[in-house]
Undergrad: 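Structure in structure tokens, see below.
Letters A, B, ... mirror the listed sequences (proteins, then strands); counts begin at 1. Every heavy atom of this structure was used, including side-chain atoms; hydrogens, water molecules and symmetry mates were not.
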Amino acid sequence: MVNAEAVRKRFGRLEVLKGITLDVRAGEVLCLLGPSGSGKSTFLRCINHLEKIDSGRLSVDGELVGYREDGGRLHELRERDVARKRAEIGMLFQHFNLFPHMTTLENVTCAPIRVKHEGREQARDRALELLARVGLPDKVDAYPAQLSGGQQQRVAIARALAMQPKLMLFDEPTSALDPELVGDVLAAMKQLAREGMTMIVVTHEMGFAREVADTVAFMDAGVVVESGAPADVLENPREERTRSFLSKVL
Amino acid sequence: MSSGEATPHQARRPEDIKAVPVRRPGRWIVAAIVLVVAIAIVRSVATNPNFQWGVVGEYLFDGRILHGLRVTIELTAIAMGIGVVLGVLLAIMRLSPNWLVSSASSFYIWFFRGTPVLVQLLFWYNIAALYPKIALGVPFGPAFVHADANTLITPFTAAILGLGLNEGAYMAEIVRAGIISVDAGQSDAAQSLGMTRLQTLRRIVLPQAMRVIIPPTGNETISMLKTSSLASVIVVTELLYAAQLIYSVNFKTIPLLIVASVWYIVCTSVLYVGQHYLERHYGRGAAREQTATLSGRVLRGVLSFRRSGEHLRPGGGEHR
């Protein structure tokens, strides 16, 4: 589903990704672990082209991200095509980023109506179904400011799922939540994983990684230090850097 | 103090505190002085015969004054309309990644903010001296429509162009401030859902920017209503010029200036109320509770004078 080959990304002089090579198969859950500033979030943002990569190759579902290959040369995609591809990838953010001027229902139906040109009725029906699924059937008309952090993040999950994505990206979805609210969001994510969604999750929740992930990759200073099954990487890390990080967070 | 002592309180609800308020003699003295001064002013205004209140009443609904009022309102509305549209365009241009586009916007803002609007009005009024003929057509190529500048640019159009183009420069900065104030995460979220830049701007960023844009735009509209009186120098018979025309004949200068002032105040008051409701509309979702209505707020403001030093705060609403 996602193939990264020697992906590099610079911000000015600072190189944040120094050659990332990763593969995620359809239906697989990949958890990205690592200290802050290691490039996890940047890599995630590259996957749906919120950031442009400087070198390497990055493709989703067999198609290059942000470019089209024609006669051995890369052509930048037009904005509309980039947007069309982004629509197939759901993304969750650390700070939820719900649209504060819209109700919960409008947040969820907005993109299906504006981007996929679905009928209002159809979008509404699916939104109600999704909001029920994340456990918020009674918050349809609430504004984001009236919801707790955990509820907001679950609305954000419903908003992303309303676009029927084939891949979901999670950028530290529980880092801004009170500890007692983390569980609800993780439960919604676990359910999603069970249903076979392909997911890439940047997280500090080791328990979630151990339980849900098919693969865990540990990143530091812009490179993947080691990756493998959660049992191997979390229980018996090969690299010293992984071991010292895990000893601090576990 | 310890938590153990708290249990007996929970048995029955504690009564509300009823305490004797602190005496504030200073506050009462100041209030008395203000009251005396206010009464003195009102009495003097009401009894001074030079104000000629009878004449004011006579001309308040005079046909020429009402026509001037209509022109003033038209000028304000059209010039603000041009200003807002131009302001949004210039703000978007200024934030464009294209260097030439953003510089063009910066240049426009620099130029129109850098010259007095009165001078701009006089320029537009005298445009025929610069361009006697105005033509519409292909640049450096053939023209399709010709027109004489003097017939095309009437005093009224000159006033609209002068006020509107100048306003565009100010509105551009207001709109830009609004756009910048919206968290970058909002654009990320919108784009990750597949919205284009334009959709993101229209559906997500601008509606939120409105909360920041509306209060200063209300100011600008009120200011425009008054600035439109400058059009009197290029013989547009707006409110002030209509009053001037009358007193140049009958020499009742003061009462007619009062007539004009009364109408200006009426209009700005209406705008103030309108701005309040507009702010409430765009503030939805921002505060946990809806802001109180204007009437409720004024009432509470009057009551709070007795209670404590609570202040009326315009356009409340807590930000996340």
Undergrad: Within residues 156-171 of chain A, which positions have a heavy-atom distance to chain B below 4.5 Å?
TA: A:Arg159, A:Ala160, A:Met163
Undergrad: Determine whether A:Phe99 and B:Val205 make a side-chain contact, defined as any pair of heavy atoms from C-beta on separated by less than 4.5 Å.
TA: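 A side-chain contact under 4.5 Å is absent here.
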Undergrad: Is the side chain of A:Asn97 donor-acceptor paired with the backbone N or O of B:Gly185 at a distance under 3.5 Å, no angle test?
TA: yes
Undergrad: Measuring from atom CG of A:Leu44 to atom OG of B:Ser192, what distance do you get when rounded to the nearest 0.5 angstrom?
TA: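 That separation rounds to 10.5 Å.
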Undergrad: Looking at B:Arg197, B:Met195, B:Met210, B:Arg203, which makes the most heavy-atom pairs under 4.5 Å with chain A?
TA: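 That would be B:Arg203.
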Undergrad: Check whether more than 12 heavy atoms from other residues, nucleotides or ligands sit under 6.0 Å from atom CZ of A:Phe11, and answer yes or no.
TA: yes
Undergrad: Most heavy-atom pairs under 4.5 angstrom with chain B, which of A:Leu50, A:Asn48, A:Val82?
TA: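 Maximum pair count with chain B is reached by A:Leu50.
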Undergrad: CG of B:Asp188 to CE of A:Met91: how many Å apart, nearest 0.5 Å?
TA: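 Between B:Asp188 CG and A:Met91 CE, I get 7.0 Å after rounding to 0.5 Å.
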Undergrad: How long is the gap from CZ on A:Arg86 to OG1 on B:Thr196, to the nearest 0.5 Å?
TA: 10.0 Å
Undergrad: Is it true that atom CG of A:Leu14 has more than 12 heavy atoms of other residues, nucleotides or ligands lying nearer than 6.0 Å?
TA: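 Yes - once you tally the heavy atoms of other residues, nucleotides and ligands closer than 6.0 Å, there are more than 12.
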Undergrad: Taking non-hydrogen atoms and a cut-off under 4.5 angstrom, which of residues 109-130 of chain A neighbour chain B?
TA: A:Cys110, A:Ala111, A:Arg114, A:Val115
Undergrad: Check whether any side-chain N or O of A:Glu88 sits under 3.5 Å from a backbone N or O of B:Gly194 as a donor-acceptor pair, and report yes or no.
TA: no
Undergrad: Tell me whether the count of non-hydrogen atoms from other residues, nucleotides or ligands lying under 6.0 Å of CD in A:Glu195 goes above 12.
TA: yes
Undergrad: Take atom NZ in A:Lys190; do more than 12 heavy atoms of anything else shown fall under 6.0 Å from it?
TA: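 Buried by this count: over 12 neighbours within 6.0 Å.
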Undergrad: State, with a plain yes or no, whether a side-chain heavy atom of B:Ile204 is found less than 4.5 Å away from one of A:Met102.
TA: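 Side chain of B:Ile204 against side chain of A:Met102, heavy atoms only: contact under 4.5 Å found.
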Undergrad: Chain A heavy atoms under 4.5 Å from B:Gln191: which part of the residue, side chain, backbone, both or neither?
TA: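 Interface part for B:Gln191: both.
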